[in-house]
Trainee: 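Just passing along the structure, written as structure tokens.
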Amino acid sequence: MEQELLEIIKRRRSTRAFEDRPVPRAALEKLLEAAIWAPSGSNSQSWLFTAILNRQVIDRINALIRQGFQTWIPDDDYPAKQGAKKSSGREDFHFCNHAPALIIASNRPNYENAMADCSLALENIFLLAESMGLGSCYINSPHWLRDDGPLRDYLFTLGIPREHTICSSAAIGYIAKPSVPPARREGVCNIIE
Ligand SMILES: Cc1cc2nc3c(=O)[nH]c(=O)nc-3n(C[C@H](O)[C@H](O)[C@H](O)COP(=O)(O)O)c2cc1C
């Protein structure tokens, strides 16, 4: 059992090219079940997972993200932020690489474990997705643009409370092009006996 789980952990990759094929609702429901069984600080379970299987809705979010990036000023020098802002100007930009399913994880405001809880839930989703033959990818742009007015107005219509912080999101779909496993950095684990 542990060997099987370790294999799944090692096999999971961030997918950035998805098939057109839709993700069945039953599969999404399983992924959400995995999410809500993640640990949470003081057992808060204050997260909200909004799963979107509707391409038009995902494309609408993409349009709002592209628009939001135009006026967004990154609050630090993390290169991926500059890169995303720049590439969002391209006509072919799609924030979740046209994934047919998206799960947005949000959480209550002013809760210091909001990101940690949602990230642990997302990893549950990623690993279960891998075991089900689905690809997945952590998508940061909804988090970066969490204070963007038009985006939040639209997310509100999808049931995401205005006061919630958008923590993270997951693109889900069948893998069109497998990603190459990045090499592991060495010397990052110590065992003290
Ligand atoms: C906090 C976090 C944010 C990430 N944001 C993005 C993102 O916005 N877009 C993306 O394509 N990948 C994103 N990733 C995926 C990483 O790029 C990926 O995990 C890393 O390159 C290692 O590849 P692997 O997941 O295939 O092992 C993110 C991963 C983490 C943990």
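Both ligands and their constituent atoms are indexed starting at 1 by order of listing. Keep in mind it's a predicted model, so treat the numbers as computed, not measured.
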Trainee: Just heavy atoms, cut-off under 4.0 Å: does Cys137 contact ligand 1 by side chain, backbone, both, or neither?
Mentor: side chain
Trainee: Given the protein's heavy atoms, is any one of them under 4.0 Å from atom 13 (C) of ligand 1?
Mentor: yes
Trainee: Using the rule side-chain contact (heavy atoms from CB on, under 4.5 Å), only one of Ile61, Ile103, Ile172 pairs with Ile52; which is it?
Mentor: Ile61
Trainee: Identify the protein heavy atom lying closest to atom 27 (O) of ligand 1, giving its residue, its atom name and the separation to 0.1 Å.
Mentor: Arg13 NH2, 2.7 Å
Trainee: Measure the distance from atom 8 (O) of ligand 1 to every protein heavy atom, then report the residue, atom name and distance (to 0.1 Å) of the closest one.
Mentor: Asn140 N, 2.9 Å
Trainee: Quick one: does ligand 1 sit under 4.0 Å from the side chain of Pro182, the backbone, both or neither, non-hydrogen atoms only?
Mentor: side chain
Trainee: With the threshold set at 4.0 Å, does a side-chain nitrogen-carboxylate oxygen contact exist between Glu130 and Lys10?
Mentor: no
Trainee: Classify the angle between the aromatic ring planes of Phe93 and Phe69 as parallel (below 30°), tilted (30 to 60°) or perpendicular (above 60°).
Mentor: perpendicular
Trainee: Evaluate Arg12 for polar contact with ligand 1, using N/O atom pairs at a separation under 3.5 Å.
Mentor: yes
Trainee: Between Asp59 and His94, is there a side-chain donor-acceptor contact under 3.5 Å, judged purely by atom types and distance?
Mentor: yes
Trainee: For atom 17 (O) of ligand 1, what is the nearest protein heavy atom, given as residue, atom name and distance?
Mentor: Arg16 NH2, 3.0 Å
Trainee: Could you find the nearest protein heavy atom to atom 31 (C) of ligand 1 and give me its residue, atom name and distance?
Mentor: Tyr138 CD1, 4.3 Å
Trainee: Run the salt-bridge test on Arg55 and Asp20 with the 4.0 Å N-O cut-off and return the result as yes or no.
Mentor: yes
Trainee: Of Leu64, Leu145, Ile160, which meets side-chain contact (heavy atoms from CB on, under 4.5 Å) against Leu155?
Mentor: Ile160
Trainee: Does the N or O separation between Ser14 and ligand 1 drop below 3.5 Å for any pair?
Mentor: yes
Trainee: Is Arg60 positioned over the aromatic face of Tyr154, cation under 6.0 angstrom from the ring centre and no more than 45 degrees off axis?
Mentor: yes
Trainee: What about Ser141: any of its N or O atoms under 3.5 Å from an N or O on ligand 1?
Mentor: no
